[in-house]
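Below is one structure, written out as structure tokens, with a few remarks after it.
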Amino acid sequence: MKKYKLALFIGRFQPFHKGHLYSLEKAMELGERVVVGIGSSQKSRSESNPWSYEEREQMVRVVVGGEVMIVGIEDYQTDSEWAEKVVEIVESEGCEPHEVVVVGNNSWTNEVLEEVGMQVLESGLHNRDELEGVKIREMLRAGQTGWRERVPEEMIEMIG
């Protein structure tokens, strides 16, 4: 039996990599249902955010199929506005914040969501030296092929 009614995993996924997959698998172990929140969903086509929300959603979907619900989460002016949006997502899934576990390692996300009553579980940074979005994006821009080892196999063709 799963420990939580809902597990929430939030990230920008620029791109979705094996470290994200590690945390997502932890979320899938803990929650009866899993929601993946794609942060900064309104941002794309910049150095830090090269992929659109739709492209990032497809990255997650190609790896985990229909096992999770995927939602976009835009950036807001204040932490409280952002947290309010996340609570709306949780409530739309029929859950109260105290029935949710947030799985992830982003201290800001964890702190903001703890303040609204969600449980937080840090999944641990899996191979962080290699599995960091900024490093993968740099490899892609430089035409290096090492990025292929850092993302789930299902995504290699998609990213190119």
Evaluate side-chain hydrogen bond (donor to acceptor under 3.5 Å, both in side chains) for Ser46 paired with Ser48, printing each intermediate quantity in order. CA-CA 5 Å; Ser46 70; Ser48 296; 5.3 Å; no

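- Atom CD1 of Ile73 is separated from atom CD of Gln42 by 11.0 Å, given to the nearest 0.5 angstrom.
- Tracing side-chain contacts under 4.5 Å through hydrophobic residues (I, L, V, M, F, W, Y), one reaches Ile89 starting from Val87; they form part of the same cluster.
- Glu99 places a side-chain N or O within 3.5 Å of a backbone atom of Glu96 that can act as its donor or acceptor partner.
- At least one side-chain heavy atom of Leu8 sits less than 4.5 Å from a side-chain heavy atom of Leu113.
- By the 4.0 Å N-to-carboxylate-O rule, Lys135 lies too far from Glu138 to be salt-bridged with it.
- Side-chain contact between Trp51 and Phe16: absent, with no pair of heavy atoms (C-beta onward) separated by less than 4.5 Å.
- Pairing each heavy atom of Ser44 with each of Ser52, the nearest pair is CB-CA, 3.5 Å.
- A perpendicular orientation is assigned to the rings of His20 and Phe13, their planes being inclined by more than 60° (bins at 30° and 60°).
- A distance of 12.5 Å separates OH in Tyr4 from CD in Glu32, rounded to the nearest 0.5 Å.
- When side chains are defined from C-beta on, Phe9 does not count as touching Val102, because their heavy atoms never get closer than 4.5 Å.
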Verdict with reasoning, Glu29 to Lys26, per side-chain contact (heavy atoms from CB on, under 4.5 Å): CA-CA 5 Å; Glu29 290 172 10; Lys26 295 284 185 196; 4.1 Å; yes

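- Annotation: side chain of Ile38 is not in contact with side chain of Val71 (no heavy-atom distance under 4.5 Å).
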One pair to check against side-chain contact (heavy atoms from CB on, under 4.5 Å): Met118 and Asn110. What are the steps and the verdict? CA-CA 9 Å; Met118 295 183 197; Asn110 292 350; over 6 Å; no

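- Between Val35 and Leu6, some side-chain heavy-atom pair lies under the 4.5 Å cut-off.
- As a member of the Ile/Leu/Val/Met/Phe/Trp/Tyr network built from side-chain separations under 4.5 Å, Val134 groups with nothing else and remains a singleton.
- The structure places CZ of Arg150 at 12.0 Å from CD1 of Ile156, a figure rounded to the nearest 0.5 Å.
- Under a 3.5 Å cut-off, the side chain of Glu111 and the backbone N or O of Trp108 do not form any donor-acceptor pair.
- Here the side chain of Arg56 pairs a donor or acceptor atom with the backbone of Gly39 at under 3.5 angstrom.
- Distance check: His17 NE2 to Glu132 CD gives 7.5 Å after rounding to the nearest 0.5 Å.
- Distance check, rounded to the nearest 0.5 Å: CZ of Arg148 to CD1 of Ile136 gives 13.0 Å.
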Glu47 and Arg141: side-chain contact (heavy atoms from CB on, under 4.5 Å), yes or no, with the steps? CA-CA 9 Å; Glu47 189 170 305; Arg141 280 192 299 275; 3.5 Å; yes

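- Both Leu24 and Tyr53 are part of a single hydrophobic cluster, where members link through side-chain heavy atoms under 4.5 Å apart.
- Shown here is Glu153, whose CD atom has no more than 12 heavy atoms of other residues, nucleotides or ligands within 6.0 Å.
- Between Leu30 atom CG and Gln119 atom CD the span is 11.0 Å, to the nearest 0.5 Å.
- Glu154 and Arg61 are not joined by a salt bridge, as no carboxylate oxygen comes within less than 4.0 angstrom of a charged side-chain nitrogen.
- Within a 6.0 Å sphere centred on NZ of Lys85, other residues, nucleotides and ligands contribute 12 heavy atoms or fewer.
- Side chains of Met59 and Val63 form no contact here, defined as non-hydrogen atoms less than 4.5 Å apart.
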Show the numbers, then the answer: is there a side-chain contact (heavy atoms from CB on, under 4.5 Å) between Met158 and Val62? CA-CA 9 Å; Met158 173 188 237; Val62 75; 4.3 Å; yes

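- At a threshold of 4.5 Å between non-hydrogen side-chain atoms, the residues Val100 and Glu93 do not count as touching.
- A donor-acceptor contact under 3.5 angstrom links the side chains of Ser40 and Asp75, judged on distance only.
- Checked by atom type, the side-chain pair Ser123/Ser23 shows a donor-acceptor distance below 3.5 Å.
- Contact of the Pro15 side chain with the Arg137 side chain is registered, since non-hydrogen atoms from C-beta on lie closer than 4.5 Å.
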